[in-house]
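A quick write-up on the structure given underneath.
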Amino acid sequence: MLTAYPVHDIRRLEEAAIAADPRRDLMQYAAGALASVIADELVEGRGRVYGAQLLILVGPGNNGGDALFAGARLARRGASVTAVPLVGAPHRAGMDALVHAGGRVVGGAADVEADLGRYDLAVDGIFGIGGRPGLPDRVAGLVSLLDHHAVPVIAVDLPSGVDADTGAVPGAAVRATTTVSFGASKPSEFIQPARDHAGRVVRVDLGFEADQAVTELQQLDVDDLAAWWPYPGAKNDKYSRGVVGIDAGSTQYPGAGILATHGAVYAGAGMVRFHGSDEARRVLTADLPNVVYADGRVQARLYGSGWGEREDGAEVIAKGLADGLPAVVDADGLRHLPDGGLEPSWLLTPHAGELARLLDCERSEVEADPVGAAHRGADRTGATVLLKGATQIVAQPGRRSVLIAVPGPAWTAQAGSGDVLAGICTTLLAAGLPAPRAAVLAASLQAVTAAALPGPVPPHELAREAARTLGRLQQSAAPR
Ligand SMILES: NC(=O)C1=CN([C@@H]2O[C@H](COP(=O)(O)OP(=O)(O)OC[C@H]3O[C@@H](n4cnc5c(N)ncnc54)[C@H](OP(=O)(O)O)[C@@H]3O)[C@@H](O)[C@H]2O)[C@@H](O)CC1
Ligand SMILES: [K+]
């Protein structure tokens, strides 16, 4: 599990670390770690540090200071280091150190633009956690020229221009090959599209005490998925493994019911009762003869996938709430929710557009701050929210921390993925998992399965493949 903290918490962690050991110079420590990552990349790219051409992009704050001190260390090792101040006045002591070590400082972007292709590597010390999203125009021009010349960029702390807290990239931003992240991960390391701008992330421990933070973003890894999945044990029977009730699909969209049922069955439901359309039922009878159609006991229900314009949606959901069973509400079902009053054991699975509708805001607002929007969705409805998309975020009402699923390939962005995911979520609720854990495990299983079978594999085939993923995960699961 990786944990990220918003910038205001990282500032507090930094202050606490400095107060705990005032003699420790965090910037020198950070610069030393940065210099060693840069040296490794130079050695990998061209065999040695000596003689390497290094360009340092310098902003007005301590991020530029880190880059300049690292540049000084590399100049002492024989690299030819050029620093270009790009915004405001650069870090004074860092500049002095670089010049003292034999580095060169030019006046501005115009002095390096003509021969950018000669640099082996550029270091982005423009903005760090004090950065506002976007880059001034002249800086954006230089950054895009570096991209054009395919000069690899190492970002200091985070790629300049991205929004560290939200993961949004509303304007120009550095696209790094490697990011050297100090002290604590930033949300932008987990959330798309900023995650793609960071490239490979190298974390440098600055001795922060994380328990002083208020908000956390926890991103699962494959080991967490393997360890947390509720595999059946010797004492389980089909009822204790969990019976799923699926009310999904319609005459208009029978496929949604079929796909959700595939998701539920192949994620290991003890039994699936299907209450969707007759069209879907005919297909399921042939494909999945283990599915039953009679009413009876269930431990969790799915509502909404492929409902279309269903008229009794609100009634069906109200009845489900009165039953007191945990439930997943997906897709068209989200239009029939009561105004608040849901429970955290209910899981809503909107994509950005559906969450925007729930929040009465524009989709672009959800995309600009998906974690904040997921929180608002959970607080407004009282339910757990799994916000689907390039980054899959789980928020709970009244809690400031979120869970993030294992990242997966963009291949899963296709019609039907959400229906399968809703089915997997319902299986995990029926197995007795709390809604946040069910949501993050289900999304992670789908991502890990798609990563192992890359390509345009249709969602029902990925659903089947998930069963094989689970078999492999169970074998690899170390007891915790
Ligand atoms: N504290 C510690 O212990 C350690 C900190 N460390 C390092 O310090 C970094 C944080 O340093 P920092 O606070 O000086 O902020 P940083 O981002 O360098 O610059 C902010 C300046 O940029 C300006 N500015 C921002 N955006 C802009 C824009 N779009 N366009 C134009 N201007 C813009 C902004 O202006 P303002 O917003 O105030 O108007 C302000 O002047 C951190 O990421 C890490 O690298 C490490 O050494 C480890 C120990
Ligand atoms: K940076």
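No experiment lies behind these values; they were computed from the predicted model shown. We count ligands from 1, going down the list as the structure has it; atoms in each ligand are counted the same way.
Residues forming a salt bridge (Lys or Arg N to Asp or Glu O under 4.0 Å) with D332 (at least two apart in sequence, or on another chain): R335. Residues forming a salt bridge (Lys or Arg N to Asp or Glu O under 4.0 Å) with R104 (at least two apart in sequence, or on another chain): none. Every residue two or more places apart in sequence or in another chain was checked for a salt bridge (Lys or Arg N to Asp or Glu O under 4.0 Å) with R48, and none qualifies.
The shell of residues lying under 4.0 angstrom from ligand 1, judged by heavy atoms, excludes L135. Under the 4.0 angstrom criterion for non-hydrogen atoms, P60 is in contact with ligand 1. Heavy atoms of G59 stay at 4.0 angstrom or farther from ligand 1. Put simply, no part of E15 is less than 4.0 Å from ligand 1, judged by heavy atoms.
Side-chain atoms of N62 do not come within 3.5 Å of backbone N or O of G65 as any donor-acceptor pair.
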**Request:** Mind running salt bridge (charged side-chain N to carboxylate O under 4.0 Å, His left out) on D330 and K388 for me, showing each step along the way?
**Result:** CA-CA 11 Å; D330 183 43; K388 299 181 292 195; 3.1 Å; yes
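A cation-pi contact, defined as under 6.0 Å to the ring centre and within 45° of the axis, is absent between R132 and F127.
Ligand-side atoms of ligand 1 in range of N63: 8 (O), 9 (C), 11 (O), 18 (O), 43 (O), 45 (O), range being under 4.0 angstrom from any heavy atom. The distance from ligand 1 to the heavy atoms of G128 drops below 4.0 Å at these ligand atoms: 16 (P), 17 (O), 18 (O), 43 (O).
Side-chain contact between L347 and P326: absent, with no pair of heavy atoms (C-beta onward) separated by less than 4.5 Å.
When heavy-atom distances to ligand 1 are checked against a 4.0 Å cut-off, D157 comes that close only through its side chain, counted from C-beta outward. Contact annotation: for E14 versus ligand 1, heavy atoms closer than 4.0 Å belong to the side chain alone.
We find the CG-CG distance between L302 and L429 to be 9.5 Å, quoted to the nearest 0.5 Å.
Partner of W229 under the side-chain contact (heavy atoms from CB on, under 4.5 Å) criterion, chosen from L473, L433, L441: L441.
Protein N/O/S atoms nearer than 3.4 Å to the K ion (ligand 2) total 8.
Taking both residues in full, the closest heavy atoms of I424 and A442 are given as CG2-CB, 3.6 Å, listed atom of the first, atom of the second, then distance.
Under the 4.0 Å distance rule, the nearest protein heavy atom to atom 38 (O) of ligand 1 falls outside the cut-off.
For atom 44 (C) of ligand 1, the nearest non-hydrogen atom from the set V156, V58, D66 comes from D66.
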